[in-house]
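These notes concern the structure reproduced below.
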4 protein chains.
Amino acid sequence: MPEFKTEIRVTWVDTDAAGIVHFSNHFRFFERAEEDLLRRIGLSYSLIRSKYGIGIPKVEAHCKYLAPLKHDDIIQVSVLVDDIKEKTFKEEFRAINIAGDILAAEGYIVCVALSIETGRSIPLPLDIVTKLKAFSKS
Amino acid sequence: MPEFKTEIRVTWVDTDAAGIVHFSNHFRFFERAEEDLLRRIGLSYSLIRSKYGIGIPKVEAHCKYLAPLKHDDIIQVSVLVDDIKEKTFKEEFRAINIAGDILAAEGYIVCVALSIETGRSIPLPLDIVTKLKAFSKS
Amino acid sequence: MPEFKTEIRVTWVDTDAAGIVHFSNHFRFFERAEEDLLRRIGLSYSLIRSKYGIGIPKVEAHCKYLAPLKHDDIIQVSVLVDDIKEKTFKEEFRAINIAGDILAAEGYIVCVALSIETGRSIPLPLDIVTKLKAFSKS
Amino acid sequence: MPEFKTEIRVTWVDTDAAGIVHFSNHFRFFERAEEDLLRRIGLSYSLIRSKYGIGIPKVEAHCKYLAPLKHDDIIQVSVLVDDIKEKTFKEEFRAINIAGDILAAEGYIVCVALSIETGRSIPLPLDIVTKLKAFSKS
């Protein structure tokens, strides 16, 4: 199964006064996993911007919170690229608290290829599509 | 229509190197609107925790990004409480960039009542339900 | 006294698991006060960048934490521009918790004028200097 | 030389619309280095709170920004514990951009031992002092 996996440790600033990770930070964890995945296939936001003249901003994001995360917890975030379309692709995330092997959160993000010059959506460069398929379902 | 509305100005730290608001920060804007709504009906996370012995953490969050937000933009965030169930309630958010009256983002958050003592979900206190209904659909 | 003052409410995401505002967020409060001050004198980071071709990044920042801030606290942040030099200026901040009139934090930030084109420090535009003097000590 | 060193990669959310790391985030990098150091000597904020009944909040923080950091940069943050006093200790930080071996930032943080029960400063537990000395100057 071609999932990409990365580990993230919860730091103090990730938490809030309830003693758990603030719900917005799970999306930051997801994005960090995305950045690690992109780096693994030779890409980065900066490179995508400079080489292809596009950005890949998020057009949709979703998360279900299943178990709270606390300071110093280590999560394994897995990413599976899914639904690669002409101009968009979707990533599915699962964050597992490795202490106890507990699914802490799962969600998805949809990215769109956007021309930096025009600000309009454009087809994903074939090169990026090919690279993303290394971690896609089908 | 019983929507609650609040205004938020985009600050510099909300942006990222693409020159727009980072996607995780829309959830922070949503929560700030939620906090303002709760304050309007005489509640706050702190008061809910101390008076009722419960927290209301998020169990689900979703956002669609429709138009980018930039530094110094002012958004009007409207909240509509929906789907008040025994232990959960849902809030629907719309963030409108007041320059141009453009819908920038829309999403929802689902909160659950959780006993601070046991960490388990419990029925929402009737008092909170009654107050939330001031900004609910039905 | 030519201090500039603005009010900021502590939101949930500003706090950490110790139940107080994370120390890094005081700097964000300081910057938000700086943004409000700039707006008052007809400036903003975006305008400074587009009109004068410069950025004014921070070269130094300092804060003393005197009393903890909690969720929902309202602080009054005052700013005094000081030490306007050829290429830099300094801002002094005081954050007072208006409940109890308690000095919660004080600090300073030093900004430098940087050419966006060359990345090098350059003299502050006279127009900006003149405007900053509205809130300077001398 | 008993410096502690750790590596941190700049992520997308660390940046702002100027394309560089937001100045407040250097303090978060410093704290992450502090957390890594504490973990190395068998401590963590959570353990310090539960085992000793104290927190070690910051009472002072300072940073000089010497060279901008960009997305995907890797910094090596070194920490040296200094000035261990009865109730406080100071940490000195240096963040080096490993591409080019450029000093990007340097600063310090002063922490105080605070009783969680009374909220008052108390002497640092001897055990913590002994452990901190592993990475202190003298």
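Naming convention: chains lettered A, B, ... in sequence-line order (proteins, then strands); numbering from 1 in each chain.
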For Phe27(D) and Ser24(C), work out which heavy atoms get closest and say how close.
CB-CB, 4.3 Å

Please look at His26(C) and chain D and tell me whether the side chain, the backbone, both or neither of the residue comes under 4.5 angstrom of a heavy atom of that chain.
neither

For Phe23(D) and Lys58(C), the nearest pair of non-hydrogen atoms, with its separation, is CE2-CE, 3.6 Å

Counting only heavy atoms not in Lys87(D), do more than 12 sit closer than 6.0 Å to its NZ atom?
yes

Could you tell me which residues in residues 31-52 of chain C have at least one non-hydrogen atom under 4.5 Å from a non-hydrogen atom of chain D, sorted by residue number?
Glu31(C), Arg49(C)

Using 0.5 Å steps for rounding, measure from the NZ atom of Lys64(C) to the NE2 atom of His62(D).
11.5 Å

Residue-level contacts of residues 108-131 of chain C with chain D, using a heavy-atom cutoff under 4.5 Å:
Tyr108(C), Ile109(C)

Can you say whether Ala105(C) sits under 4.5 Å from chain D via the side chain, the backbone, both, or neither, judging by heavy atoms?
neither

